[in-house]
Each structure stands twice: as structure tokens, then as C-alpha cells.
Asker: 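Got a structure for you, written out below as C-alpha cells; questions coming shortly.
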2 protein chains.
Amino acid sequence: MLNGHKERSAPIKRAKRVTISDVSDALGLTKGTVSRALNGYPDISDSTRNRVKRVSEKMGYQPLSHAQAIKTGRTRSLGLVLQFGDHDSHRPFLAEFLSGISHGASRENWTVTVATADSDGDTLNTVLRLLNERKADGFILPRTMTDDPRVHLLRDAAAPFVLYGRTQDATDCAWFDILGEEAMRQAVLRLVKQGHKRIAFVNGGSEYYYSVLRLQGMLQGLKEAGIAPDPDLIATDAVRPEDGAAATRKMLRLTNPPTAFVFAVDMAALGLYRVAADLGLVVGRDLSVIAYDGVPEGAFATPPLTTFSVDSRQAGERLAALLIRRVRGEPVQDLRETAKATLVERGSDGPPTLTSNQLARAVSAHSKLSEYPKGGTK
Amino acid sequence: MLNGHKERSAPIKRAKRVTISDVSDALGLTKGTVSRALNGYPDISDSTRNRVKRVSEKMGYQPLSHAQAIKTGRTRSLGLVLQFGDHDSHRPFLAEFLSGISHGASRENWTVTVATADSDGDTLNTVLRLLNERKADGFILPRTMTDDPRVHLLRDAAAPFVLYGRTQDATDCAWFDILGEEAMRQAVLRLVKQGHKRIAFVNGGSEYYYSVLRLQGMLQGLKEAGIAPDPDLIATDAVRPEDGAAATRKMLRLTNPPTAFVFAVDMAALGLYRVAADLGLVVGRDLSVIAYDGVPEGAFATPPLTTFSVDSRQAGERLAALLIRRVRGEPVQDLRETAKATLVERGSDGPPTLTSNQLARAVSAHSKLSEYPKGGTK
DNA sequence: GTTTGCTCCGAAACCGGTTTCGGCAACTGT
DNA sequence: ACAGTTGCCGAAACCGGTTTCGGAGCAAAC
């Protein structure tokens, strides 16, 4: 398209800023000296450096990032490319996440440039465009996949980036991540403690690395509890309620159904509620479920969903801080942080009231396992 | 703070771009001429203009926005300052909204700079900072208030902006808005048609202009139905479930309680569900409710909430388009658009099964109106 | 007393564009 | 045929910074 016709228009009359020349004039120095003083060059005496800092601060001088960028190539802005389209399970966290990023950025006087994309290819193109236009000095990559094309792209381009989540090949990767595996482990142990023996695990999107980790954590929990894992009790790729409902339905049809479910994703866990209602089973009593994410929808379910909540705001803030340091040249090894999810104990889990056998009978009593119902009249 | 110590760091080695000089060299012209040709100056012959366009396109030339900005002051980026903190009722739409804005922006090769703030003052400061740093050429202002300080600020600064929502003083204001008043009117008429006589209206945040409009629409609906408005059946400032629950509780205690509720905000309407459950009333049968927004939580309520859904993605896209045109100098009069919310008929409304009197008795049968319960055991 | 070596700053080029100004050539009009 | 317009483009200044280079000034070394 190129820029079609006259992008220019009415002149802007904003109050004029103080420029570096204003500062240098006031100090009787050249702008080059002021620049070097402000940017920590060694060939400036301490006395003048301090004088420059003091005066420029007093005058309210703030360098124009795009004026600097013309020479430095850096614009002090973080890039965030959000991909929607498939299943949008990270939407609920977006506000918190953005807020965290924005805070982390503005603390260092950086800004955040966001863009959205529909597909993987679109995402890569958008990243490239932002990079090529120098609209972002580096990128925050949410929802990292086991083998993430964005990582390859940015690694090859030698552009700074930081992952929200870990990935298989850690080369050149800085990250912040929540220890989902630890949460899954604790979920299992909690259910075991409540008396459950048959515990199902419904994992999330298999392309994401978090799935690998959460499964590991779940298996670790079983191991510690001395329970042998049962392949029939492990499902995968459940991120929407429909997916979770399907997985639940399938497992409840087993001759030896699980009395408890661990979901890697809250939204999928909400599907279990539908199935339970369908079968006349009461969640939190006949069926226990613990999930992960802490989406607001879970708090509004009946009973409210017990879940491991992640602090998306903190994640955003840490990611921003890490990325800024990365752009400034720190090695990735120093830029890897993790945090824990926090258990929110609500009403969806508890000691089993039915044995697996009793549950199986209750389920088979319902001749027809209906599909996803419209939601009802009680 | 000023930029503390050396912001600069390892050099960036990205693949080099094609610059305007590359293009002008290839054409045997000066860069000035190329620039003027591309930017629609009149003193360039059509033949060379076309030649320049063709070649620069073929070479993949894309001007660096921040290099242009240094002279033009414009950076081709939209500013969006999100304010969280109080009640975050627009969170659910954020993803859609952002996606729309981003699409609208990138269509014209613009980008989006977002920042967040905690308070009104913080928002104004952030806007000023972005403006002063020239990080945004204009702003999209979501959630406009009746008398909005951001409007004053930007009007005084002669900076371009566009409202998501209308406001009292339309001077210098461009906007996109959904006709909430029309939705409220339709909600009332729908309930009247179903047979309701006593219809309550629970409005949203009174500082926002949408509240003014939605109340007008509601009253208009009553008027058309020949029903006299009852001040006891009008509440305000309900944006969270707690608020909605309180308003519902209060109105149900009336000697002549409403059998139907119109909520200006979905999230507030969800509070009615809690109260209904408390009183043993079935939503959609004993109590009808229609709300507005189309938040995902509403779809997961039992029964699912009938609501007027707004297309946030479209809103974002239109706002971006309008703001770009505004920055380019079009007058605000040409930059005002509206769209309608679409009714999503679900299960929360229907013909009344109880008269107002019967309802009053049913309510008073419950001696104690408990506070917000933890959510129940069926 | 000159040379060497630092420290510290000025001068100027440079980044990638935009915009002003002026002039040449080719048209007009008379 | 000649002055007066245009039309069209080159030259150069400019925007607000960064960065390179070199040299003045001064202290230590020879």
C-alpha cells in the first residue's frame, strides 16, 4: 500500500518541549556534551555530569525517544503481539497482564506497543513488521509453545525477547513463568488427602509447553501418593468448556470412573459442571474438581471452582522488567524467573461421597448422555 | 528519574532496511524528491511520481516512522490509556476491543501504544507523558464520562482524540458509540410484551454518560408502553454483582416489587442471580432480567442471561479508523458514528409467573435476607 | 624544559527522513 | 523574439538527538 496520499495535515501546535539544545545553551555546553553526560559516557567529569543532570532535571528535559531512535535504533518500547482466534483462553487475564506490563515499562520510562494477529503466520509477520519499523525494541511472547516459531524468528533476527512460559530449547531464552507443575502436584496431593483414589487429569493445549510441565507435575503427585497413573484417566487438548465436557463425559463412562478431576485449565473445568448437571451429580460432593488459572468465570460457577490462581499482573510486570534488562544487554542466564500459583480453596472439591463403583452406577442410570445443553430451567 | 545510567548497550545488527537514499540512488533522484513524490506534494510530475512509487514499492521501502516523526512530530501511533482499579467492568471486552483497534491501526500501517493507570489523575498524567514524548499522535478514550477530564485536557492541548461513547459537551469531539438507549428501550418493550407491569431499572456508574442515555432509553420505553415511571424502581451506580444484588434486594422488599429487571450492566445483573437463589426464586420464571454488555460470564450463569451484546471488536476498529482520520485533519463533524447492540435472547426473561403481590409474599416468607452468600449446595 | 599521557570538552558528522528555497527549462502571452 | 509564468526538480537546511574525532589544558615522566 505504501502511504497512500498525504499523511501530513494540519500542523501540531503543542506546547514546545525543552530540547537538548535548550539545556546545553543554559549550561554553556554543547549538546554533544550534554548527551554524553546524560548517557553515562566516561569522558565527562563528575562535576559537569552532576551539573548537567541537575539542570536538565530542573528544566524538565526529557529526550525524545524517536529522536534518539534515529541514531540508536532503539525506541524504548516493548512489543506485545497477541494472538486471538483459536481458543481465547487467556482473555480474562489480559487486563491484568497488560496492566502489569505497562507498569513495568513506565517505571523505566518505556512504553508498550501492542498488536494483534489471527494466526501463527500473522503473528510472525506482525513481529517482523514491528521489528522492521523499529516500533519495538524487543518482544514479550505469551503462551509459549514447546517449539515456538516466534522464538526461532527472533533468535535468528538477534532481537531481544522474553517468554511468558518456558520452552523446550532454552537457548537464548529469557523467561518468567509460573510453576504450573507444582500446582498440579499439589492438586493431586490435596485430592488424595481428601480420600480420592481415582484421579483424572485433563490437560490443556498440547502444543504449549505448559502442558508438558503440568502433566509432569500431576504424575509426580501421583507418584508421591503411591498411585499408579492410568492412561484412561489422562486427557489432553481441553481448553474450552466443550472440550472439558467431552473429556469428562468420556471418563465418567469408564467402568471405573474417577471421583476427582484435575484440570490444567479453568475454562475446560467449567465443562465438567455441565456434564455433572446433566447427570444429576453435584460438583464438590459427588465429583471433585480442581483446576488452574483463576479465571473470573470460575468464581461465578456453582459451586465456585477451586483453582490455582496466577498473578497475571505480577507476570506482566516481571516480564517487562526482564525484557528491558535484556534489551540493555544483560545475558539471558540472569533473566529467568519463576513464581508459584496460589491455591484458591473454594467449593468444588472435597472428600468423595461415592466410590468409583457407585459413581459408575449413577452415571449408567442416565440412559442418555446428552450433548452440551443450552442451560436450563433447573 | 531521567534516564539513569547508560541506556545504550550492545549494538543491534538487524538486517539493514532500505532507506530513502537507497531509493533515490536507484532512481537517480534526490531523497527530497522521493520524499515529496511519496507524500503527495504537488510539485512532482505524475510520471516521476509513479516511477518513484513503483520502484520504492518494489524495493520494499517503508519509511521509518520515528525518522519522520522527528520533523513532522507524528509517529503513526494511536494512544490508548486504560484505567483499572475501581470496578473493572470493561475487562471482558478488552481483548476484542484491542483486537479491533489493532486491526484498524495496522490497516493504515499505524501502531497502538497502550498504557494503564490506576486513577483519574494517573490517567491524565499518562496521557500527558505520551503526548509529550510524542509516543501517540492521538488518543482513544474509552468509558467516557458525562464531564470527562481527559476531554478537557486533550481539547486544551489541541491533541486529536476520539471517544468510545458520547459526552455532554460535544465540542471538538469525535466518537463512536453503541446506542445503549435504544437497547434499554427495547428491553422494556420486550418485557412489557411478555406481560410485565412492574419493571425495575438498575443503572450503571452515574459518572458515565452512558448512564444518562440508558436511563433516557428506559424511560422512553416505559412511555411508549404507557407505564408511569416509579422512582422506587430506579437504582443507580450498580456495576459489580454486589451492587446489583443490593439494588435487587432493596426493590424486592418493596410492597409492590418488580417482576422484571432491566440492568444497564451485565455484571450487576449477575448479582440478581445471587439474591434470587437466596430467596428461592427462579430467574427466568419468577423473576425476569435483561441486561446489557454481553460479557462471557452471563452465558455461564443459570439460566444464561438475556442481554444486549455489543461488538467490541467493531468498536475498536471504527475508533481506530476515526482517530486516524482525525489526526490527518478531518473535522470532528464527519467523525461521529454509532451502531446498535444486538439482543441475545437467552433464558433469563419470560412471561411473569407471579404477580407483584405474590412475589412480595414469597419474598417476605424468607425472614432473613442474607448477605452475599458463598454460593451454594443446590 | 620538553615529551608523554590523561582528562575533559568542543566541533562536526551523522541518522533518515521532511521541507524550504531557488533555478533551469519549457511553456505561455504579446 | 522576449519577458513572464509555470512545472519540476536539485541543493541544502533542518529536526533532535548520538557518536566520533581531535585538540586544549594540565600533570606526571624523562
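We name chains A, B, ... by the order of the sequence lines, and we start the count at 1 in each one. These figures come from a predicted structure and were not determined experimentally.
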Asker: Quick check on D:dG17: is either OP1 or OP2 less than 4.0 Å from any side-chain nitrogen or oxygen of A:Gln68?
Answerer: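 Negative; the distance criterion is not met.
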Asker: So, is B:Ser45 close to the D:dC9 phosphate, meaning a side-chain N or O under 4.0 Å from OP1 or OP2?
Answerer: yes
Asker: Taking only side-chain nitrogens and oxygens of B:Tyr61, does any of them come within less than 4.0 Å of OP1 or OP2 of C:dG17?
Answerer: yes
Asker: Mind calculating the distance between CZ (B:Arg134) and P (D:dG16) to the nearest angstrom?
Answerer: 9 Å
Asker: A:Tyr41 OH to C:dC9 P: how many Å, rounded?
Answerer: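 Checked: the OH to P distance equals 15 Å.
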Asker: Using atom CD1 of A:Ile20 as one end and atom C1' of D:dT19 as the other, report the distance to the nearest whole Å.
Answerer: 12 Å
Asker: Rounded to whole angstroms, how far apart are CG on B:Asp43 and C1' on D:dC8?
Answerer: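 In whole Å, D:dC8 C1' and B:Asp43 CG are 7 Å from each other.
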Asker: Please tell me which of B:Ala67 and B:Thr33 maps to the more 5' nucleotide of DNA chain C, matching each residue to the nucleotide holding its nearest heavy atom.
Answerer: B:Ala67
Asker: B:Glu108 pairs by salt bridge (Lys or Arg N to Asp or Glu O under 4.0 Å) with which of B:Arg325, B:Arg328, B:Arg76?
Answerer: B:Arg328
Asker: Between P on C:dC14 and NZ on B:Lys71, what's the gap in Å once rounded to a whole number?
Answerer: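 Atom-to-atom, B:Lys71 to C:dC14, this comes out as 20 Å.
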Asker: Measure the distance from CD1 on A:Ile44 to C1' on C:dC6 and round it to the nearest whole Å.
Answerer: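 About 15 Å, once rounded to whole Å.
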Asker: For A:Lys53 and A:Glu57, run salt bridge (Lys or Arg N to Asp or Glu O under 4.0 Å): C-alpha distance rounded to whole Å, both residues' side-chain angles, the deciding distance at 0.1 Å, then the answer.
Answerer: CA-CA 6 Å; A:Lys53 282 192 178 179; A:Glu57 197 147 2; over 6 Å; no
Asker: Any side-chain N or O of A:Thr48 less than 4.0 Å from the OP1 or OP2 oxygen of C:dC9?
Answerer: yes
Asker: Hey, is the main chain of A:Asp177 close enough, under 3.5 Å, to the side chain of A:Arg166 for a donor-acceptor pair?
Answerer: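 Side chain of A:Arg166 to backbone of A:Asp177: no pair is present.
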Asker: Between D:dT18, C:dT19, C:dG17, spot the one nearest the side chain of B:Thr19, thanks.
Answerer: C:dG17
Asker: Whole-Å distance between C:dT20 P and B:Lys31 NZ?
Answerer: 16 Å
Asker: Rounded to the Å, how far apart are A:Leu29 CG and C:dA11 C1'?
Answerer: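 Roughly 14 Å, once rounded to whole Å.
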Asker: Parallel, tilted or perpendicular: which describes the rings of B:Tyr164 and B:Phe97, with under 30° parallel and over 60° perpendicular?
Answerer: parallel
